[in-house]
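What follows is a single structure, written as structure tokens, with notes after it.
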Number of protein chains: 2
Amino acid sequence: MSTLKQVAAEAEVSVSTASAALRGMDIVRPDTIRKVEAAARRVGYRVNLSARALRNGRTGIFTAIVPDLGTAFYARFANSLSNALLAHGHRLVIQTSQYDAELELDLIRRANASVCDGLFVCPTASNGDAVRQAAGDQPVILFDGEDSGDTASLDRIETPNQSGMDAVIRHLAEDCGRTRIGIVGASDRSTPAAKGTRLRLSRCDYALRTMRSLGLNVEHAPVVSDWGVEAGIATARRLVADELAYDALCCMNDELAFGVLRGLAECGIRVPEDVAVTGFDGIPGCTYVTPTLTTVAVDADGMAQAAVSMMERRVGIGGAGLTGDGTVAADAASGNGTASRGNSSRRSRAGSRTEADPRNTIASQRLIAGFRLIVRESTAGRA
Amino acid sequence: MSTLKQVAAEAEVSVSTASAALRGMDIVRPDTIRKVEAAARRVGYRVNLSARALRNGRTGIFTAIVPDLGTAFYARFANSLSNALLAHGHRLVIQTSQYDAELELDLIRRANASVCDGLFVCPTASNGDAVRQAAGDQPVILFDGEDSGDTASLDRIETPNQSGMDAVIRHLAEDCGRTRIGIVGASDRSTPAAKGTRLRLSRCDYALRTMRSLGLNVEHAPVVSDWGVEAGIATARRLVADELAYDALCCMNDELAFGVLRGLAECGIRVPEDVAVTGFDGIPGCTYVTPTLTTVAVDADGMAQAAVSMMERRVGIGGAGLTGDGTVAADAASGNGTASRGNSSRRSRAGSRTEADPRNTIASQRLIAGFRLIVRESTAGRA
DNA sequence: CTGAAAGCGCTTACAG
DNA sequence: CTGAAAGCGCTTACAG
């Protein structure tokens, strides 16, 4: 790899000029910029990000921590986030916590010490405070994080649990005329660290709330061990053995619903004739299970883009310092001017975090993602 | 974040000693090590990887380029790779090429200039040469890459296409007594850059080879547009419209098979009574589609672990230089001693890649992953 | 066994 | 508008 020094020599300018020119700073004369760019191309120059990071305190690399990539929702979300960041000239390191709260906090702590400008965290069992503390001075965007006291400087994005559940329940009650709706996804408190515990409670609560507001009978929701396919299968079998007191089963996520569909099919129960089934998330499988699954399709791309905006606001980048590696980076440079100015004035030197850091003084934002209720065979029957 | 200098001051030793102590080098007296470690803990020290990378030329960060994380096989593989690297004290940046050959090469080139010690690439349409060239001096492990001329210093890992297809075809023919087997997954050459083109050709060829060896009639395989669910649905409909000349449909991957199952169900064709269906990969959906899918379950974890071994061999790390950030790193230190020695002697200074770099002189390796044929309802019927 | 010094490649005040 | 110099935090010969 060639260095900036070589580019400068090739272009017959100083290293400082070469540096400024490649980053397109407007104090450099246009023809000097062209000269330097040509030289960079000739010697095949690529900026060394380690050096830049050491100087800058910035790397353009962010870290996402998701419980698992084997779960379709998280895989798709990580995909969206990765692409959204890439479009802004940044990169994403994806790591998995395997639903282990300790591992999760450890990953966050390590990211903090590592080459990373900020964190995107889908917490499994840790609350906002614990995440905030582990993250140290790194900005964090939290997804579906449990609410807690001191959350200044913790931005949040949530899946539309309340409005989504409301839409599904209304669909089952009003469009499909179901009256005995079972909520599949509750868990007793004895398995607090199991997959999806947090979400589980929240989504179930919202579903029950809408049912009550519609005057529906709220029976005990079937308890499940986790939100996976196996748990869904087991639940369906158990319900059938109990003479299936429901005419609709509203599942807290798609995988659980897949399992329920499987389990019901094995018992010879017809969907949706005997019982309607719904999911939540909108993962690809919904279109090819039999019957196809009515679900709340969460706008993962929108979530990802919002997350990137929040992060850029907090990191305070217009992109200027992070691009300029010879390739065009129009996108990244189009950030807001204020943030960009704030950037350079904020700290004169890497590591000097003595002055108040706006990362922690900006008010925190909160956003709820959009969704679409997609009606398919599992509630509407075959076309 | 505190620096090594502060640790040294706290421990009342020099910076060099602190550095050596934290990496557990055996030239440091044991009690000095303890003293430094205690100091590091007190000031909450974490090594700055940018600085280390600048000095070392190593970051402990690797990059994986997969076509897509929305595809279950790649998501699972990325997951496995990420975990396998983590267990060795490294980290993985996952990026997606979206089946775009240009983007793919661009990502590889960028990774080369960035904070990255090596690349894991699942190529979409680029051949080994193009990947090798884009990667520059970075080590690359290629997955299911097309064979090409100059592949020195390109290690490869392949899914067990030949033995896997052989096992499926034999299962259909010998265990299930099927004689009219259709291979779903061929494509005409007119869509060369479409999803999975490369694999498609190879797997189909192997399937047909086994069929011929068994004396089966090899008819024209149904051409599909890609390897997705939609293509599978369309194929099934087309075949049924053509009076379904097959008693088995051997699909080149699971998603295609899911689509075929869907399409057949919509047409009222029974699986496996009228026609047996098989997939390839072993993604989670196989267990919950109806009927459950017989498939070749590729050992993704094994692939990932082998990939990490190959990479470590090529990068020449025993882990010593990359760990020692205060946390215990037993795993990482247990690499092979030879590589570890080669490491320090290889280059005295970062960036001085003048001497012959073993990265490019080590003979390339090739490995074929393991698999298990898992028989389910789609060929065996319900239990 | 320990310490002082050089230098990885870059960016940014600071002088011209 | 351009250049010389300092320094980000670390590791590694090299002297003691």
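All values below come from the heavy atoms of this structure, side chains included, with hydrogens, waters and symmetry mates left out. Chain naming here is simple, since letters A, B, ... match the order of the sequence lines and numbering starts at 1 in each.
- A distance-only check finds no donor-acceptor pair linking the side chain of B:E10 to the backbone of B:A40 [under 3.5 Å].
- Note: CG (B:L54) to C1' (D:dC8) measures 9 Å, nearest angstrom.
- What separates CG of B:L49 from C1' of D:dG9 is a distance of 11 Å, to the nearest Å.
- Judged by distance alone, with hydrogens and angles left aside, the side-chain atoms of A:D117 form no donor-acceptor pair with the main-chain N or O of A:F62 at under 3.5 Å.
- Side-chain atoms of B:T63 do not come within 3.5 Å of backbone N or O of B:C116 as any donor-acceptor pair.
- Among the heavy atoms of the strands lying under 4.0 Å from B:V13 are primed sugar atoms or P, OP1, OP2 only; no base atom is included.
- When the P atom of C:dG9 is taken as reference, atom CG of A:L22 falls 16 Å away, rounded to whole Å.
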Starting at the 5' end of DNA chain C, what dot-bracket string do you get if Watson-Crick and G-U pairs under 3.5 Å are bracketed, crossing pairs use [ ], other-strand pairs use | and unpaired bases use dots?
-> |||.||||||||.|||

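- Taking for each of B:A51 and B:D26 the nucleotide of DNA chain C with the nearest heavy atom, the 5'-most of the two is the partner of B:D26.
- Under a 3.5 Å cut-off, the side chain of A:Q365 and the backbone N or O of A:D155 do not form any donor-acceptor pair.
- In the set C:dC8, D:dC8, D:dC10, D:dC10 carries the atom at the smallest distance from any side-chain atom of B:Y45.
- Comparing D:dT11, C:dT2, C:dC10 by their nearest atom to the side chain of B:T17 picks out C:dT2.
- Listed nucleotides D:dT2, C:dC10, C:dT11 differ in distance to A:R29; the shortest reach to its side chain belongs to D:dT2.
- Annotation: side chain of B:P123 is in contact with side chain of B:L142 (closest heavy-atom distance under 4.5 Å).
- B:I33 places its CD1 atom 13 Å from the C1' atom of C:dT2, with the value rounded to the nearest Å.
- The nearest heavy atom of DNA chain C to A:A20 and to B:E12 marks one nucleotide each, and the one closer to the 5' end goes with B:E12.
- Put simply, CZ on A:R52 is 22 Å from P on D:dG7, counting in whole angstrom units.
- Counting to the nearest Å, the P atom of C:dG9 and the CZ atom of A:R23 are 17 Å from each other.
- Within the structure, every side-chain polar atom (N or O) of A:R46 is placed at least 4.0 Å from both OP1 and OP2 of C:dG9.
- Using modelled atom types, no side-chain atom of A:T96 and backbone atom of A:Q98 make a donor-acceptor pair closer than 3.5 Å.
- Listed nucleotides C:dC10, D:dG9, D:dT12 differ in distance to B:N56; the shortest reach to its side chain belongs to D:dT12.
- Nearest to the side-chain atoms of B:S14 among the listed nucleotides D:dT11, C:dG3, C:dT11 stands C:dG3.
- Listed pair A:T3 / C:dG9 fails the phosphate criterion, with no side-chain N or O lying under 4.0 Å from OP1 or OP2.
- Between C:dG3, D:dC1, D:dC10, one nucleotide has an atom nearer to the side chain of B:S16 than all others, and that is C:dG3.
- With hydrogens and angles ignored, the 3.5 Å screen pairs a side-chain donor or acceptor of B:Q138 with a backbone N or O of B:G118.
- The side chain of A:T32 lies closest to D:dC1 when the candidates are D:dT12, D:dC1, C:dG3.
- Counting to the nearest Å, the P atom of C:dC1 and the CG atom of B:D31 are 10 Å from each other.
- Nearest nucleotide to the B:V28 side chain, out of C:dT2, D:dG3, C:dG9: C:dT2.
- Between D:dG9 and A:R55, no contact under 4.0 Å exists linking OP1 or OP2 to a side-chain N or O.
- Listed candidates were D:dG9, C:dC10, C:dT2. Nearest to the side chain of A:V47 is C:dC10.
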Does the pair A:L22 and A:V36 meet the rule for a side-chain contact (heavy atoms from CB on, under 4.5 Å), with working shown?
-> CA-CA 7 Å; A:L22 286 181; A:V36 174; 3.8 Å; yes

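- For B:I27, taking side-chain heavy atoms from C-beta onward, the closest of the listed nucleotides C:dT12, C:dT2, C:dG9 is C:dT2.
- We find that CE of A:M25 is positioned 10 Å from P of C:dT11, with the value rounded to whole Å.
- The distance from atom CG of B:L81 to atom CD1 of B:I94, rounded to the nearest 0.5 Å, is 7.5 Å.
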